[in-house]
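One structure is given below, encoded as structure tokens.
First the proteins, then the strands, lettered A, B, ... as listed; each starts at 1.
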Amino acid sequence: GAGVSQSPSNKVTEKGKDVELRCDPISGHTALYWYRQSLGQGLEFLIYFQGNSAPDKSGLPSDRFSAERTGGSVSTLTIQRTQQEDSAVYLCASSLALAGWTDTQYFGPGTRLTVL
Amino acid sequence: AQKITQTQPGMFVQEKEAVTLDCTYDTSDQSYGLFWYKQPSSGEMIFLIYQGSYDEQNATEGRYSLNFQKARKSANLVISASQLGDSAMYFCAMNNFNKFYFGSGTKLNVKP
């Protein structure tokens, strides 16, 4: 079946503009995660959605970052008033979230954001 | 506190040889899952192998095996018969009740 998809694959924007990044998880996956990966670095957790529960926003770096998930499926990560330090690859992942620790995350191809 | 530690920023291995990538983890929970992901230069994160904390046998997937030593809290990835296409970043991760923690990664270079 289809994997996790993300759009756009690349986004170049000017400092101060808002951007929206989209993630479409694997069908049936109830958990959805956003991560940020700066060049040559590891993954930085941003936000986690699980079903109808309140999202875990503990990783969002500032109030310029927000995310929503509509209908328990597609998610949008919004960055307002972008800064150059926001330049990174934004990865989305999803999992079934049926049995806690046994669930595997599957990742999308990422969105490469460049803020000029 | 850091949950996942990968102490090898970079590794070299000769083609066709085996290589071990180290990973240690920290949790006080009894139930957790351990994962390895491969990230080639193209950027996608590819799931390789999973080990549950209650699994008594080490996980294997083709040329990948996970050397799970629960008492030492280590989950090393062993790649047998390395291939040039194995050159990539490798991340160890832990699932602690749907919160995933990732290590800083190991960059593996396979030499011809």
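- A/L43 and A/V4 fall within the same hydrophobic cluster, defined by Ile, Leu, Val, Met, Phe, Trp and Tyr side-chain heavy atoms under 4.5 Å apart, directly or through other members.
- Rounded to the nearest 0.5 angstrom, B/E44 CD and A/L91 CG are separated by 10.0 Å.
- For CD of A/E85, the number of neighbouring non-hydrogen atoms (other residues, nucleotides, ligands) closer than 6.0 Å is greater than 12.
- Residue contact with chain B, scored on non-hydrogen atoms closer than 4.5 Å, involves the backbone of A/Q41 exclusively.
- Residue B/Q51 does not touch chain A at all, counting heavy-atom pairs closer than 4.5 Å.
- Shown are B/F91, B/F35, B/Y37; of these, the ring pair (Phe, Tyr, Trp, His ring centres under 6.0 Å) with A/F107 is made only by B/Y37.
- When heavy atoms are compared at a cutoff of 4.5 Å, B/Y101 does not approach chain A at all.
- With a 4.5 Å cut-off on side-chain heavy atoms, B/I46 and A/Y106 do not count as touching.
- With hydrophobic clusters built from ILVMFWY side chains whose heavy atoms lie under 4.5 angstrom apart, B/Y64 shares a cluster with B/M94.
- Within 6.0 Å of the CG atom in A/L39, the count of heavy atoms belonging to other residues, nucleotides or ligands does not exceed 12.
- With a 4.5 Å cut-off on side-chain heavy atoms, A/Y48 and B/F100 do not count as touching.
- Linking Ile, Leu, Val, Met, Phe, Trp and Tyr whenever their side-chain heavy atoms come within less than 4.5 Å leaves A/L116 and A/L113 in two separate clusters.
- Residues B/N95 and A/Q105 form no side-chain contact, since every pair of their non-hydrogen atoms from C-beta on lies 4.5 Å or further apart.
- Taken together through direct or relayed side-chain contacts under 4.5 Å among Ile, Leu, Val, Met, Phe, Trp and Tyr, B/Y25 and B/L48 form part of one hydrophobic cluster.
- No continuous path of hydrophobic side-chain contacts links A/Y35 to A/L32 [ILVMFWY only; heavy atoms under 4.5 Å].
- The OG1 atom of A/T104 sits 11.0 Å away from atom CD1 of B/I49, with the distance rounded to the nearest 0.5 Å.
- For chain B, no part of A/S9 is nearby; none of its heavy atoms comes within less than 4.5 Å.
- Counting only heavy atoms from C-beta outward, the side chains of B/Y50 and A/T102 approach each other to under 4.5 Å.
- Taking the ring axis of A/F45 as reference, the NZ or CZ atom of B/K99 stays within 45° of it and closer than 6.0 Å to the ring centre.
- Crowding of A/K15 atom NZ: a count of heavy atoms from other residues, nucleotides or ligands under 6.0 Å not exceeding 12.
- With respect to chain A, the highest number of heavy-atom pairs below 4.5 Å among B/G105, B/S31, B/G52 belongs to B/S31.
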